[in-house]
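Every value quoted in this text rests on a predicted model; they were computed, and no experiment measured them.
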Amino acid sequence: DQRFRLSLFYYQMMGDKWRNCSHVASHPNCTVVYRDNIVVTDRNLWLSESNECEWGGIVCDKDDPGVVVEIHLNGLGLKGSIP
């Protein structure tokens, strides 16, 4: 299941220590810089109860809603190895 895999990714990449979008962040929304320096604001925090397509940095397929097709997490300070 994609939500489970994204959760694994979050923990493997030390998500609790991200500069932004962490589920332990004090601010309820996050801002992510996508490719080409496009800034997207007011996304939901990772691991929130919202659909994962609403989490910061997640892009879902427009033709098949709910299917993650891209992840953009530039500048969040990710560490770890991709599972």
Locate the shortest heavy-atom distance separating [X] from [Y]; write the atom from each residue and the value.
X     : Y     : result
Cys21 : Gly56 : SG-CA, 4.2 Å
His72 : Val59 : CD2-CG2, 3.8 Å
Leu47 : His23 : CD1-ND1, 3.6 Å

Test side chain to side chain donor-acceptor pair (under 3.5 Å) applied to Ser48 - qualifying residues, sequence neighbours left out: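 Residues passing side chain to side chain donor-acceptor pair (under 3.5 Å) with Ser48: Ser50, Trp55.
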N/O donor-acceptor pair under 3.5 Å between Trp18 side chain and Met13 backbone: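 The answer is yes, because a donor-acceptor pair under 3.5 Å joins these two groups.
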Short side-chain to backbone donor-acceptor contact, Arg43 and Ile58, under 3.5 Å: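 Such a contact is found between Arg43 side chain and Ile58 backbone.
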Who pairs with [X] by side-chain contact (heavy atoms from CB on, under 4.5 Å), at least two apart in sequence or on another chain?
X     : value
Leu45 : Ala25, Cys30
Asp63 : Asp61
Val24 : Asp16, Ser22
Asn51 : Cys53, Glu54

Spacing of Asp1 atom CG and Leu6 atom CG [to the nearest 0.5 Å]: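 Rounded to the nearest 0.5 Å, the CG-CG separation comes to 9.0 Å.
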Step-by-step side-chain contact (heavy atoms from CB on, under 4.5 Å) determination, Cys60 to Val67: CA-CA 5 Å; Cys60 288; Val67 176; 5.9 Å; no
